[in-house]
Structures are given as C-alpha cells and as structure tokens.
Amino acid sequence: MADMRVFLDAVGSWAAGGPGEPAADLAVQLGVRTAVLLEGPSDLAAVEALAARRGRDLAAEGVCVVPMGGAMSVGRYAGLLGPPGLGLRLAGLCDEREQGFYDRGLQRARAPHRGFFVCVADLEDELIRALGTARVEEIILAEGDLRPWQTFLHQPAQLGQPRHQQLRRFLGTKKGRKIRYGRLLVETLDPGQVPAPLDDLFTSL
C-alpha cells in the first residue's frame with residue numbers, strides 16, 4: 001500500500017514538470033486533506049519532531065508535510081496542491097523576509113492565508129530564542145560539536161557578534177547541521193517553550 005512518502009515523491013515529480021495524475025490518485029487513496037508547505041528540510045525535521053512529541057501521526061490525519069526547496073517555489077506548490085490543483089487545504093511556515101513570496105504565491109493560487117504563520121527571521125531563530133543561548137550551547141556540547149563551534153567563534157566575521165546571531169549562523173555552516181539541530185532543539189523544548197508560529201501551525205491542523 002502506498003504511503004505519504006510515495007505521495008510526496010509524486011508531488012515532487014509533478015512540480016518538476018511531470019504528470020499530475022499519480023499525485024491526484026494517491027491523494028484520494030491516502031485521504032490527504034491538508035498540505036503543509038515548508039521552505040526546506042530543516043523546517044520539516046522540526047515539524048516532524050514536534051508531531052512525535054505530541055503523539056500526532058500527521059499522515060494518518062491526512063496531513064502531508066511538503067519541503068518545497070525554497071520560498072520561491074510556494075506559488076508552484078500552492079497552485080498544484082491548493083484550489084487550482086488538488087483542492088487541498090494549505091498551511092505552512094515562512095520566514096519573515098520571504099513573506100512576499102508567500103503572499104504573491106497564495107494570491108495567484110486563490111488560497112487563503114489562514115493557516116500560514118511567520119517566523120521573525122526563520123524557525124531556527126525562533127527555537128534559539130525559545131531555549132536561550134546557554135541551553136543551545138549545552139546541546140552543541142552534548143552533540144560533540146564543541147570544537148567546530150569554538151573554531152567558528154574565532155572567525156573574524158563572528159567577533160563581537162551577539163551570541164544569538166552566532167548560534168543561528170553556526171547551524172547553517174555545514175550541510176545537514178540545520179536539519180539535525182532543527183530536530184534536536186524541538187526535542188529539548190519544554191511544552192510551554194514551543195515558539196508561537198510552530199505552535200499555531202499545529203493548533204491549526
């Protein structure tokens with residue numbers, strides 16, 4: 001039996017110019033009702049981690065979480081999955097600086113903005129502020145990344161920068177690090193620390 005990963009593959013192929021029938025057939029077969037549009041895989045890791053913590057099986061609820069590969073793709077995915085395409089309810093997260101792409105993409109797709117929530121800078125920024133810089137540094141130490149963290153701090157461009165900004169930049173300096181820490185930071189949050197955009201997204205689903 002097909003699962004949500006197969007549907008995601010079909011959607012990705014459709015977005016790249018392939019046929020839409022496989023995705024449409026799978027949406028019916030799997031009972032997909034909502035597509036959560038995210039900019040990339042680090043956001044996906046955070047959303048999946050929070051779903052696990054809250055005991056929610058999003059796929060079983062008919063919710064497909066779609067990493068689009070960048071905010072500029074939102075118009076394409078909203079058109080395929082929203083009112084002009086499969087007619088799914090759309091939701092998601094976006095970075096503040098990318099909000100214009102979302103506004104224009106959703107408008108073109110005639111999709112409501114309700115269900116989309118804006119992170120001040122990005123989701124990593126929200127998570128660092130929620131946990132506090134000292135706690136995030138403890139996680140870096142526990143993950144065995146002390147040496148690269150110290151090396152990073154001694155780079156001329158980082159001297160004198162606020163610790164919050166240093167941490168946010170560090171998470172993006174190595175491929176895969178944002179994904180790993182997106183999951184780890186969410187797993188460390190106390191229930192009352194979940195950043196508002198992420199918490200509001202789950203409340204809306």
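Closest non-hydrogen pair, P84 versus A109, comes out as CD-O, 3.2 Å. Between F7 and A23, the shortest heavy-atom distance links the atoms CE1-O, 3.2 Å. In terms of heavy-atom proximity, R110 sits nearest to P83 at O-CG, 3.4 Å. Closest approach of S204 and F117 over heavy atoms only: OG-CE1, 3.8 Å. For the pair P41 and P67, the tightest heavy-atom approach, listed with the atom from each and the gap, is N-CB, 4.2 Å.
Of the inter-residue distances, the one linking I179 atom CD1 with D43 atom CG reads 10.0 Å to the nearest 0.5 angstrom. Remark: L185 CG to L171 CG distance equals 6.5 Å, nearest 0.5 Å. To the nearest 0.5 Å, atoms OG1 (T34) and CG (L90) are separated by 8.5 Å. In this structure, CD on E96 lies 13.5 Å from OH on Y102, to the nearest 0.5 angstrom. In this structure, the separation between CG on D200 and CG on L198 is 9.0 Å, given to the nearest 0.5 Å. Here the straight-line distance linking atom CG of D103 with atom CZ of F116 works out to 10.5 Å at 0.5 Å rounding.
Within the 4.5 Å cutoff, the side chain of V65 has no heavy atoms near those of the E48 side chain. Counting only heavy atoms from C-beta outward, the side chains of E98 and D122 never approach each other to under 4.5 Å. Counting only heavy atoms from C-beta outward, the side chains of R54 and V194 approach each other to under 4.5 Å. Taking the side chain as every heavy atom from C-beta outward, D9 and P22 never approach each other to under 4.5 Å.
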Could you go through V32 and L86, starting from their C-alpha distance and side-chain angles, then the distance that decides it, and tell me whether this counts as side-chain contact (heavy atoms from CB on, under 4.5 Å)? CA-CA 10 Å; V32 182; L86 299 186; over 6 Å; no
Using side-chain contact (heavy atoms from CB on, under 4.5 Å), reason through L201 and L50 one step at a time and then give a plain yes or no. CA-CA 11 Å; L201 173 65; L50 186 58; over 6 Å; no
Using side-chain contact (heavy atoms from CB on, under 4.5 Å), reason through L37 and L81 one step at a time and then give a plain yes or no. CA-CA 10 Å; L37 305 182; L81 301 175; 4.1 Å; yes
Quick one, L205 with R89, criterion side-chain contact (heavy atoms from CB on, under 4.5 Å). Give me CA distance, side-chain angles, the key distance, then yes/no. CA-CA 10 Å; L205 296 177; R89 174 179 175 265; 4.0 Å; yes
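Cation-pi geometry between R56 and F202 is not met: the NZ or CZ atom fails to fall both under 6.0 Å from the ring centre and inside 45° of the normal.
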Got a list of side-chain donor-acceptor pairs under 3.5 Å for residues 133-148, not counting sequence neighbours?
from, atom 1, to, atom 2, distance (Å)
R135, NH1, E138, OE1, 3.0
E137, OE1, W149, NE1, 3.1
E137, OE2, R163, NE, 3.1
E143, OE1, R180, NH1, 3.0
D145, OD2, R180, NH2, 2.8
D145, OD2, Y181, OH, 2.7

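For R33, there are no salt bridge (charged side-chain N to carboxylate O under 4.0 Å, His left out) partners at least two apart in sequence or on another chain. Residues passing the salt bridge (charged side-chain N to carboxylate O under 4.0 Å, His left out) test with R104, sequence neighbours excluded: none. Applying the side-chain contact (heavy atoms from CB on, under 4.5 Å) test to P191 and every residue at least two apart in sequence or in another chain returns R53. Residues that satisfy the salt bridge (charged side-chain N to carboxylate O under 4.0 Å, His left out) test with E126, not counting sequence neighbours, are R129. Residues that satisfy the salt bridge (charged side-chain N to carboxylate O under 4.0 Å, His left out) test with R5, not counting sequence neighbours, are D3.
Q161 places no side-chain N or O within donor-acceptor distance of the main-chain N or O of Q158, the cut-off being under 3.5 Å. R76 places a side-chain N or O within 3.5 Å of a backbone atom of A15 that can act as its donor or acceptor partner.
Using a 4.5 Å cut-off between side-chain heavy atoms of Ile, Leu, Val, Met, Phe, Trp and Tyr, with links allowed through other members, M72 and L106 fall into the same hydrophobic cluster. In the hydrophobic clustering of ILVMFWY residues, with side-chain heavy atoms under 4.5 Å counting as a link, L58 and L30 come out apart. Both L127 and L93 sit in one connected hydrophobic cluster of ILVMFWY residues. Membership requires side-chain heavy atoms under 4.5 Å apart, directly or through other members. With hydrophobic clusters built from ILVMFWY side chains whose heavy atoms lie under 4.5 angstrom apart, V36 does not share a cluster with L80. Hydrophobic clustering of Ile, Leu, Val, Met, Phe, Trp and Tyr side chains at less than 4.5 Å, counting indirect connections, keeps M4 apart from V47.
In this structure, E61 places its CD atom where more than 12 heavy-atom neighbours from other residues, nucleotides or ligands lie under 6.0 Å away.
Of the candidates K178, R177, R183, K178 is the only one forming a side-chain contact (heavy atoms from CB on, under 4.5 Å) with S42.
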